[in-house]
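This report refers to the structure that appears directly beneath it.
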Amino acid sequence: MVDVLTQHARDLDDILSDWPFQPRTVSARLVRAADGREVLQMRVDLGVLQMETSGRPDGTKPGGAESYLDWLLREAIHWGETIKLSDGQLEEIEREFSQFYHRRICWLAVRAFDRAVADADHTLSLLDFLERCDVNEDWKRVQTQQRMFVLFHRTQAAALAHLETEGAEPAIEEINRGLESIESLSGPVGAESEPRQMVRPLRELQDWIRDHYQLDRTLAEQLADAVAAEEYERAARLRDELARRGRRT
């Protein structure tokens, strides 16, 4: 039954007119709800998405768990070694993917990089769970593509978080780790391939950091160069310096 008319207006005219939709842009903001809690909003073509800032974005607790992933992990204890998921369970997994994707890109848009990393890690854990399951080849392909895309976002977010708190060198190293992970999944990256569309902006971000912060090679990169050139004494000095830095952090 549809409630067509009510005594109090429930339309979104004021919100939508004050916050125009911008194509090809992630428009997001943090606002206070009527009860005082903080919520995350995203402007979309036909309205506004509103998400909780912790737990599952839609605020639900599937089966009493914090997320559908948590429910799956709890229930999987009783399912044995081979986990066969129903169509309904796969639909719920896709739903959780979508919710955390929308919140992740909003965290990136509002520069809440640590929160974007946390949501990316949740999705990666969900993908790890799927690897334990008996799914068809189409799902396996989707898993690989999804993992690369999440790693792309996670690398961006983690690098920018490092840049804000620790500086350029940890940010560059974070991008190196992300690139290695993406390329290990994709194999050789062609000029127009889908992985290339993720690798290129990460390399551009890395180049910008090097240029803006006037940093050529990180210590870890210098170490890799020294090992490749069989400059073992230099490599030993660089290892010692990296160890000293590790003890200071």
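In this text, all values refer to a predicted model and were calculated from it rather than measured experimentally. When a residue number appears, it is its place in the shown sequence, counting from 1.
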Task: Side chain to side chain, Val142 and Val135, heavy atoms closer than 4.5 Å - done: no
Open item on the list: I'd like to check the side-chain hydrogen bond (donor to acceptor under 3.5 Å, both in side chains) partners of Arg56; sequence neighbours left out, ordered by chain and number.
Closed with: Asp58, Thr60, Glu96
Open item on the list: Show, in sequence, the C-alpha distance, side-chain angles and deciding distance for Leu108 and Val26, and conclude whether the side-chain contact (heavy atoms from CB on, under 4.5 Å) test is met.
Closed with: CA-CA 9 Å; Leu108 283 166; Val26 178; over 6 Å; no
Task: Check: Arg74 side chain, Gly63 main-chain N or O, donor-acceptor pair, under 3.5 Å - done: yes
Task: Reported OG-to-CD distance for the pair Ser86 and Glu92, which is rounded to 0.5 angstrom - done: 9.0 Å
TODO: Find out whether the Lys NZ or Arg CZ of Arg103 is both under 6.0 angstrom from the six-membered ring centre of Phe100 and within 45° of the ring's axis.
DONE: yes
Task: Derivation of the side-chain contact (heavy atoms from CB on, under 4.5 Å) call for Leu163 and Phe113 - done: CA-CA 10 Å; Leu163 194 61; Phe113 300 124; over 6 Å; no
TODO: Supply the atom-to-atom distance Arg141 CZ to Gln146 CD, rounded to the nearest 0.5 angstrom.
DONE: 14.5 Å
- [ ] In sequence, state the C-alpha distance, the side-chain angles, and the governing distance for Leu72 and Ile83, and then conclude on side-chain contact (heavy atoms from CB on, under 4.5 Å).
- [x] CA-CA 10 Å; Leu72 287 168; Ile83 300 173; over 6 Å; no
- [ ] May I ask you to say whether Arg29 pairs ionically with Glu38, meaning some side-chain N is under 4.0 Å from a carboxylate O?
- [x] no
Task: Ala157 versus Val117, closest heavy-atom pair with distance - done: CB-CG2, 3.7 Å
Task: Residues in side-chain hydrogen bond (donor to acceptor under 3.5 Å, both in side chains) contact with Glu180, at least two apart in sequence or another chain - done: none
Task: For the student: nearest non-hydrogen atoms of Cys106 and Met51, plus distance - done: SG-CE, 3.7 Å
Task: Side chain proximity check, Asp211 to Asp207, heavy atoms < 4.5 angstrom - done: no
Task: ILVMFWY cluster, Leu16 and Phe21 together (side-chain gap under 4.5 Å) - done: no
- [ ] Could you go through the salt bridge (charged side-chain N to carboxylate O under 4.0 Å, His left out) check for Glu52 and Lys61 one step at a time?
- [x] CA-CA 12 Å; Glu52 299 298 322; Lys61 294 183 180 295; over 6 Å; no
Task: Separation of Ile105 CD1 from Asp119 CG (nearest 0.5 Å) - done: 11.5 Å
Task: Residues Arg147 and Glu131 bridged, charged N to O under 4.0 Å - done: yes
Task: Pairwise side-chain contact, Leu126 with Phe97, heavy-atom cut-off 4.5 Å (strictly under) - done: yes
TODO: Check which hydrophobic residues are tied to Val31 through side-chain heavy-atom contacts below 4.5 Å, counting indirect links as well, and list them.
DONE: Val39
Task: Close side-chain approach of Leu215 to Ile209, heavy-atom, < 4.5 Å - done: no
Open item on the list: Is there a side-chain contact between Leu151 and Leu124 in this structure, where contact means two heavy atoms from C-beta onward sitting under 4.5 Å apart?
Closed with: yes
TODO: Return the set of residues passing side chain to side chain contact (heavy atoms under 4.5 Å, CB included) with Ser27 (not counting sequence neighbours), or none when no residue passes.
DONE: Trp19, Gln22, Thr25, Arg43
Open item on the list: Angle between ring planes, Tyr213 versus Trp208, binned at 30° and 60°: parallel, tilted or perpendicular?
Closed with: perpendicular
Open item on the list: Is any side-chain heavy atom of Leu205 closer than 4.5 Å to one of Leu160?
Closed with: yes
Open item on the list: Quick check: do Trp79 and Arg132 have side-chain heavy atoms less than 4.5 Å from each other?
Closed with: no
Open item on the list: Return the OG to CG distance between Ser125 and Asp70, rounded to the nearest 0.5 Å.
Closed with: 9.5 Å
Open item on the list: Does Val110 form a side-chain contact (heavy atoms from CB on, under 4.5 Å) with Arg115? I'd like the steps, not just the answer.
Closed with: CA-CA 10 Å; Val110 300; Arg115 287 173 151 182; over 6 Å; no
Task: Residue Asp87 excluded, over 12 heavy atoms near CG under 6.0 Å - done: no
TODO: Keeping the roles fixed (side chain from His102, backbone from Ser98), state whether a donor-acceptor pair exists under 3.5 Å.
DONE: yes
TODO: For the residue pair Leu49 and Leu40, establish whether any side-chain heavy-atom pair is separated by less than 4.5 Å.
DONE: no
Task: Point-to-point distance, once rounded to the nearest 0.5 Å, from CG of Leu179 to CD of Glu174 - done: 10.5 Å
Task: Shortest non-hydrogen contact from Phe152 toward Leu202 - done: CD1-CG, 3.8 Å
Task: All side-chain hydrogen bond (donor to acceptor under 3.5 Å, both in side chains) counterparts of Asp35, not counting sequence neighbours - done: Arg37
TODO: Heavy atoms only: give me the nearest Val150-Ala120 pair and the separation to one decimal.
DONE: CG1-O, 3.5 Å
Open item on the list: Over 60° means perpendicular and under 30° means parallel, so tell me whether His153 and Phe149 are parallel, tilted or perpendicular.
Closed with: tilted
- [ ] Go through the structure and list residues passing side chain to side chain contact (heavy atoms under 4.5 Å, CB included) with Asp216, not counting sequence neighbours.
- [x] none
Open item on the list: Taking atom CZ as the centre, does Arg111 end up with more than 12 heavy-atom neighbours from other residues, nucleotides or ligands that are less than 6.0 angstrom away?
Closed with: no
Open item on the list: Quick check: closest heavy atoms across Gly167 and Pro170, and the distance to 0.1 Å?
Closed with: O-CD, 3.4 Å
Task: Distance, nearest 0.5 Å, that separates CD of Gln156 from CZ of Arg154 - done: 12.5 Å
